[in-house]
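Notes follow the structure.
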There are 2 protein chains.
Amino acid sequence: MKLSEFELIERVKGLFGREEDRVELSVGDDAAVLRCGELYQMLTCDALTEGSHYLKRWKERVEGFYRKLGKKLINVNASDVASMGGEPRFSLITACFTKESSEEEAQEFFRGVKEAAEELGVAVVGGDTIKGKGELFDCFMVGESSEGYMVRGGAGPGELVGITGTVGDARGGLEILLKGMEVNDYLVNRFLCPTARVKEGRGAVKLGVKCATDVSDGLVFNLHTIAQSSKVAIEVESEKIPLSKELVRVFGKERALHFALYGGEDYELIITFPESLKGKVERIGFKVIGRVREGEGVFVDGKPASPKGFDHFKEE
Amino acid sequence: MKLSEFELIERVKGLFGREEDRVELSVGDDAAVLRCGELYQMLTCDALTEGSHYLKRWKERVEGFYRKLGKKLINVNASDVASMGGEPRFSLITACFTKESSEEEAQEFFRGVKEAAEELGVAVVGGDTIKGKGELFDCFMVGESSEGYMVRGGAGPGELVGITGTVGDARGGLEILLKGMEVNDYLVNRFLCPTARVKEGRGAVKLGVKCATDVSDGLVFNLHTIAQSSKVAIEVESEKIPLSKELVRVFGKERALHFALYGGEDYELIITFPESLKGKVERIGFKVIGRVREGEGVFVDGKPASPKGFDHFKEE
């Protein structure tokens, strides 16, 4: 099947985007949002599959590989909740193993899930363990917020663009694994063990920030989702994009920047916010990298940057 | 991996069954239950995988096969909610396709999901479409009830055992597909298109019924889950077990009864309830098949019946 992931999501959107009194937000953002009394609930799911998200042979090169997959699964889903401004609270896990899966791998995977859930304060309240032809780990996460939520479509002209942490590291880690380069623990862990930016997302929503998403598919790609949803243009300055020393050291400045712009799976948060909040937003961990203006598209150093990101349906 | 599904669930239970103020019920029943103000929310997930739950070659023999898989996915999850007494409300779908999956199959699958969701009043608010080595369809369902909920552990000595519909049909339908017998639409649809007993589950919880589960793994097996959780014995009379005319016609009385007792995936509801509710419970669609008493185990016509059900990890 050649259908792109994003086309399929669009199709689902067309099929199911019907009105329901309690649904604040349906398909099309990082998570759906329900109202439950005073509370907003975020619902999201995201899966990792062997072949698309990881290769089983990496196990030989990375200690505790399945434990890291378990941690990644929880954090990737917590990141979707965080980018809506929610606190991840409850989770269910579907783990599909194959004839080739070992009991040790299953144990390690669940250990990683447990560790990440404890770190984030998430209660894993259920799940299903099944057997299939390919390994697949799916997670369903419920998040909550009583202070409202942030959306991709909330950006307005004149606002600043902020980002947490550093970007490009995960793509660097992936490159190391794909190309069989010498393992760099920091970069490989940034790819295999991302950290959901829950504190930063909660901080932003409490400051009244209205627009956010996470860097799951690449900075430029995810900026495009904001620009399109908000019907604005976004300009970023490449020299302000935060790069880790390790990424620059291993790959050089130019490739590091390319990874930062077009790599994915960093799970850092991007927000847009009015200039008046700049000091407060910086104090909770965001760096300013650009600005929102009227128009359309994403520009890096004044030049249009086309949306390119990971698409799991594209053959590599 | 030879680990049984149920052992793994027990392990997960040990790992994650920690206390959380809002969690009424965690791993170990048909769904988890959260409290949200006046409302109880049920969370469950259940997946269908090629190889364990269906074979791709059945597509040649069953019209609209992927549409039926989509309907089944929604109903199987709605059944978990129904057996807790909830109304299925919100859902997310993870669909994993392979290189062999066709676009037509994907469209059919989503059409089935849409139809079933509309029939049940479920809003599909999100999902993820990915590519992997085996087809897998996962569903997360959120149900709700403001009238409390039912559990496997709620049965008490002296109560009656009630069941909806007929049992064994799904196993009959599976047998037809596995053995390449002439397709019987009724039985094959009972396997591929089960109907979640939402009305009956809601009716029971509103009558104050405290104990329920659904027939997902076989009548005897699921009665054992009630007997064990409730620390009681359950006696059923085989002649009272409701069998469809079609099942008896195609497979004969003896095999029909065997399918009813040990087959699975009927997704009928089992409840236990005080004798005083008998008339009311019968009026909402349950038939009395037995009685709860002190002790342990499940007895059919006075003889102990061992728990045997579908276990997706066992080689067939």
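Letters A, B, ... are given to chains in the order of the sequence lines, protein chains preceding strands, and every chain is numbered from 1.
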Value rounded to 0.5 Å, distance of [atom1] in [X] from [atom2] in [Y]:
X	Y	atom1	atom2	value
B:Leu48	A:Ile130	CG	CD1	8.0 Å
A:Ser26	B:Phe90	OG	CZ	10.0 Å
A:Cys96	B:Asp138	SG	CG	9.5 Å

Nearest heavy-atom pair of [X] and [Y]: which atoms, and what distance?
X	Y	value
A:Thr49	B:Lys131	OG1-O, 3.1 Å
B:Cys36	A:Leu39	SG-CD2, 4.3 Å
B:Gly127	A:Cys45	CA-SG, 3.9 Å
A:Val125	B:Ala32	O-CB, 3.4 Å

Side chain / backbone / both / neither for [X] at chain B, heavy atoms under 4.5 Å:
X	value
A:Glu105	neither
A:Leu92	both
A:Val142	side chain

Salt-bridge contact A:Glu100-B:Lys133 (side-chain N to carboxylate O under 4.0 Å):
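Judged by the 4.0 Å cut-off on N to carboxylate O distance, A:Glu100 and B:Lys133 do not form a salt bridge.
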Determine the option with the most heavy-atom pairs under 4.5 angstrom with chain A, choosing from B:Glu135, B:Gln41, B:Glu38.
B:Gln41
Find the one option among A:Leu25, A:Leu34, A:Val33, A:Asp29 whose heavy-atom pairs under 4.5 Å with chain B are most numerous.
A:Leu34
What do the steps show when you test A:Thr94 against B:Thr94 for side chain to side chain contact (heavy atoms under 4.5 Å, CB included), and what is the final call?
CA-CA 10 Å; A:Thr94 297; B:Thr94 297; over 6 Å; no
Give, as side chain, backbone, both or neither, the part of B:Leu43 having an atom under 4.5 angstrom from any heavy atom of chain A.
both
